[in-house]
Amino acid sequence: MRHLINITDFSVDEINELIDIANDIIDNPKDYMDICHGKILATLFFEPSTRTRLSFTSAMMSLGGQVLGFAEAASSSAAKGESVSDTVRTVGCYSDIIAMRHPKEGAPLIASERTTVPIINAGDGGHFHPTQTLTDLLTISREKGRLDNMTIGLCGDLCFGRTVHSLIEAMLRYDNIKFVLISPHELRLPKYMRETIEAAGAQWKEVERMEDVMEELDILYMTRVQRERFFNEEDYVRLKDTYILDLDKLEKAKEDLAILHPLPRVNEIAVEVDDDPRAKYFDQVLCGRYIRMALILRLLGIK
Ligand code: CP
């Protein structure tokens, strides 16, 4: 039985295979519409979500399967003190595969040790978000036609932004990737992640102003400041609007820059950017549905 807890649980070949399946689903959706008939996905979300939970739901429904679950811890027996392990052992009796989001880092890993069905980490605290990374990789490969030889700017809350951590882990396995880390000092990438980049021998640098590096970038990956992970509101208010991408700031950017954002957006991309052809964050949302279809098929052993 396979799980997806960290993006590195899948080899580069396996990720490329998932991308191929997702592209085939995009081209031939009818071939997949009944392929999960009789299968049930459980979505256990102990933290808020729009895209991840609903794209998993949409993915399973588009494959002909069914979905059950809860959208907040308060409406589950976690509110009565039930452990994550007991919850997943229970839900494994009702479903064939589980997608789980939890505010505590490592909760999906613990779940995977006690489960009878595959577990997908749908985001654990400030740690990892591997299915967002699969989404990002599908989007980048469709936009650029490759996953190697590029400069990626990661901008915003690099400390608590789990999507950034998973994306870096994934991109380190491709050739000639240069990372430009754009953040205020307080929100810089955690030490363990900087050490991971160093150990892999990739090129990287840290800057505080996005304008200083805009012209170098092939991908600009914007992130919001993660209010829910701050220890005090004062720091959040001081840092929340550090970066607001607008058309002026894009003046020196490459014509084929791809602007990504895992969303939700708060204030960090001005709405005027949405109509710029380089804005790809809603294409990215759609890719999330197709790559999760591919992942469900893979973990259920259907494809
Ligand atoms: N990208 C992402 O994880 O969005 P949600 O929090 O809405 O699921």
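Computed from heavy atoms alone, side chains included, the values below leave out hydrogens, waters and symmetry copies. Both ligands and their constituent atoms are indexed starting at 1 by order of listing.
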Legend entry - Same cluster (ILVMFWY, side-chain, under 4.5 Å), L109 and M193: no
Inset, instruction - Following the transitive rule for hydrophobic clusters with a side-chain heavy-atom cut-off under 4.5 Å over Ile, Leu, Val, Met, Phe, Trp and Tyr, establish whether M60 and M293 coincide in one cluster. - result: yes
Inset, instruction - Check whether the side chains of H127 and D124 place a donor and an acceptor atom closer than 3.5 Å, and report yes or no. - result: yes
Legend entry - Nearest-option assignment for atom 6 (O) of ligand 1, heavy atoms, candidates Q284, R101, R53: R101
Legend entry - E47 near ligand 1 by a heavy-atom separation under 4.0 Å: no
Legend entry - Closest non-hydrogen atom pair, R173 against I15: NH2-CD1, 3.2 Å
Legend entry - Charged N-O contact under 4.0 Å between R238 and E186: yes
Inset, instruction - Taking only Lys NZ, Arg NE, NH1 and NH2, and the carboxylate oxygens of Asp or Glu, determine whether E143 and K280 approach each other closer than 4.0 Å. - result: yes
Inset, instruction - Write out the residue and atom name of the closest protein heavy atom to atom 4 (O) of ligand 1, then the distance separating them to 0.1 Å. - result: R51 NE, 3.1 Å
Legend entry - Taking atom 1 (N) of ligand 1 as the reference point, the nearest protein heavy atom with its distance: P262 O, 2.8 Å
Legend entry - Heteroatom distance test (P264, ligand 1): nitrogen or oxygen, under 3.5 angstrom: no
Legend entry - Polar atom proximity, P48 to ligand 1 (N or O, under 3.5 Å): no
Inset, instruction - Run the ring-centre check on H165 versus F128 and record whether the distance is less than 6.0 Å. - result: no
Legend entry - Mode of L263 contact toward ligand 1 - side chain, backbone, both, neither (heavy atoms, under 4.0 Å): backbone
Inset, instruction - Heavy-atom contacts with T50 under 4.0 Å: which atoms of ligand 1 show up? List them by number with element. - result: 5 (P), 7 (O), 8 (O)
Legend entry - Ligand-side contact atoms (ligand 1) for residue partner T52, heavy atom cut-off under 4.0 Å: 2 (C), 3 (O), 4 (O), 5 (P), 8 (O)
